[in-house]
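Heads up, the thing below is written out as structure tokens.
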Amino acid sequence: MTADITELKRQAAEKAVEFIQSGMVVGLGTGSTAVHAVRAIGRLLQSGALKNIVAIPTSEETAHEAESLQIPLVTFDTHPGIDITIDGADEIALNLDVTKGLGGALLREKIVAASSRRFIIVADHTKRVTQLGSKAPVPVEVIPFAERPVADYLRSLGARVEKRLEKGGERPFITDENNIILDCYLPPIQNPQQLAAAIRQQPGVVEHGLFLHMATDAILATPGGIEHLTRS
Ligand code: 5RP
């Protein structure tokens, strides 16, 4: 990844943090973009510019990062509603539908996003697509017992299916909820709603990485400046 892209990720994430106010319940996303938001929140809490923030992380990785920054973490048991969640994405369509999950946290990410009043996607401009499926696979989280029937079913939908492996390794990638991920490579998706509904039909599918009608905002950092898109 070039230094420029890292800088754009940071700019997008830090812009989104400007929408957080003291006293809010915040959803903390996962990935190399969202981590910049977590770090910025940590700094603002340390300096006293933000007060009384509590947060719900979308992965164990993010939980560790937040704990190292002394961001107070809570659960849905005590805080069932989230004011703002800031998270990254792998692809962002013009209508703010996104694919997520290349970082492997899509299940908790979708649960957190669905409980959020405002769900802000942060990304660099390279994530923008005209049709989902153009650049990234659709990850599908599956219980290990169901791997074969789910993989066969996803192939019947036209996907080339690859079981996700640990980075640089040969062992299967295991999610925070002890499931596997089947990455589905598809041609650009004409009808994401229809595909999402079809994927859900198969027993053993826990969740998929199509986040449709969920994002309220997208903050995209481009070489020419920040673009703030809102769902119309
Ligand atoms: C993790 C995700 C990430 O938000 C997504 O993969 C984007 O990651 P990055 O900001 O590192 O490009 O969905 O499950």
Side-chain angles (χ1 to χ4, degrees), residues 1-17 26-41 55-66 82 84-93 96-114 116 118-129 132-142 162-168 172-185 192 196 199 206-212 214-222 226:
M1 191 190 310
T2 68
D4 286 351
I5 292 290
T6 304
E7 172 59 17
L8 292 176
K9 289 179 180 208
R10 188 186 63 74
Q11 287 175 11
E14 292 185 358
K15 181 72 194 168
V17 170
V26 179
L28 302 176
T30 296
S32 61
T33 313
V35 72
H36 292 289
V38 178
R39 289 178 185 154
I41 293 166
I56 298 187
T58 53
S59 64
E60 294 301 319
E61 182 186 318
T62 298
H64 291 142
E65 182 76 28
I82 296 174
I84 292 184
T85 289
I86 299 173
D87 204 349
D90 301 307
E91 293 182 323
I92 305 170
L96 304 198
D97 284 350
V98 303
T99 52
K100 286 182 53 54
L102 286 191
L106 66 113
L107 176 56
R108 291 192 188 178
E109 287 174 335
K110 198 175 272 189
I111 294 166
V112 167
S116 302
R118 196 165 178 189
F119 176 38
I120 306 180
I121 293 289
V122 288
D124 66 84
H125 63 107
T126 64
K127 303 287 183 68
R128 195 180 348 223
V129 295
L132 298 180
S134 313
K135 290 186 174 182
V138 176
V140 179
E141 183 156 342
V142 176
E162 274 185 23
K163 181 176 177 176
R164 178 127 13 130
L165 301 178
E166 276 180 357
K167 241 181 220 134
F173 175 87
I174 301 296
T175 70
D176 286 342
E177 299 295 337
N178 289 317
N179 297 310
I180 58 168
I181 291 186
L182 299 179
D183 284 315
C184 294
Y185 293 84
I199 294 173
V206 183
E207 195 48 84
H208 57 74
L210 290 164
F211 285 51
L212 309 178
M214 296 187 86
T216 54
D217 306 61
I219 296 183
L220 295 183
T222 79
I226 299 271

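Just so you know, ligand 1 is whichever comes first in the structure, and atom 1 is the first atom listed for that ligand.
Nearest-residue assignment for atom 13 (O) of ligand 1 (options A123, G101, G103; heavy-atom criterion): G101.
Against a heavy-atom cut-off of under 4.0 Å, A105 is close to the following atoms of ligand 1: 14 (O). Counting atoms of ligand 1 from 1 in the listed order, those under 4.0 Å from a heavy atom of G31 are 11 (O). Within ligand 1, the atoms closer than 4.0 Å to a non-hydrogen atom of D87 are 4 (O), numbered from 1 in the order shown. Counting the atoms of ligand 1 from 1 in the order shown, those under 4.0 Å from a heavy atom of G88 are 4 (O). Annotation for ligand 1: atoms under 4.0 Å from non-hydrogen atoms of K9 are 12 (O).
Looking only at heavy atoms of the protein, atom 1 (C) of ligand 1 is closest to E109 OE2, 3.1 Å. Closest protein heavy atom to atom 12 (O) of ligand 1: K127 NZ, 2.7 Å. The protein non-hydrogen atom at the shortest distance from atom 10 (O) of ligand 1 is T33 OG1, 2.6 Å. In this structure, atom 9 (P) of ligand 1 lies nearest to the protein heavy atom S32 OG, 3.3 Å. In terms of protein heavy-atom proximity, atom 3 (C) of ligand 1 is nearest to T30 O, 3.2 Å. Closest to atom 6 (O) of ligand 1, if we only count protein heavy atoms, is D90 OD1, 2.6 Å.
In this structure, I92 CD1 and K100 NZ are separated by 9.5 Å, a value rounded to the nearest 0.5 Å. One distance of note links CG of D176 with CD of E109; it measures 10.0 Å at 0.5 Å rounding.
A salt bridge does not link E14 with R39: every distance from a Lys NZ or Arg NE/NH1/NH2 to an Asp or Glu carboxylate oxygen is 4.0 Å or more.
Among V17, D87, D217, T33, the one residue that satisfies the side chain to side chain contact (heavy atoms under 4.5 Å, CB included) test with V122 is T33. Screening T99, V138, V98 against D90 for a side chain to side chain contact (heavy atoms under 4.5 Å, CB included) leaves a single residue, T99. In summary, of the residues considered (L106, L102, V140), a side chain to side chain contact (heavy atoms under 4.5 Å, CB included) with I181 occurs for L106 alone.
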Walk me through whether L132 and D97 qualify under side-chain contact (heavy atoms from CB on, under 4.5 Å).
CA-CA 8 Å; L132 298 180; D97 284 350; 4.0 Å; yes
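Counting only distance, with no hydrogens or angles, the side chain of E91 and the backbone of K135 share a donor-acceptor pair below 3.5 Å.
Under a cut-off of 6.0 angstrom, the local environment of NZ in K127 is crowded, with over 12 non-hydrogen atoms contributed by other residues, nucleotides or ligands.
Ligand 1 lies less than 4.0 angstrom from a heavy atom belonging to A89.
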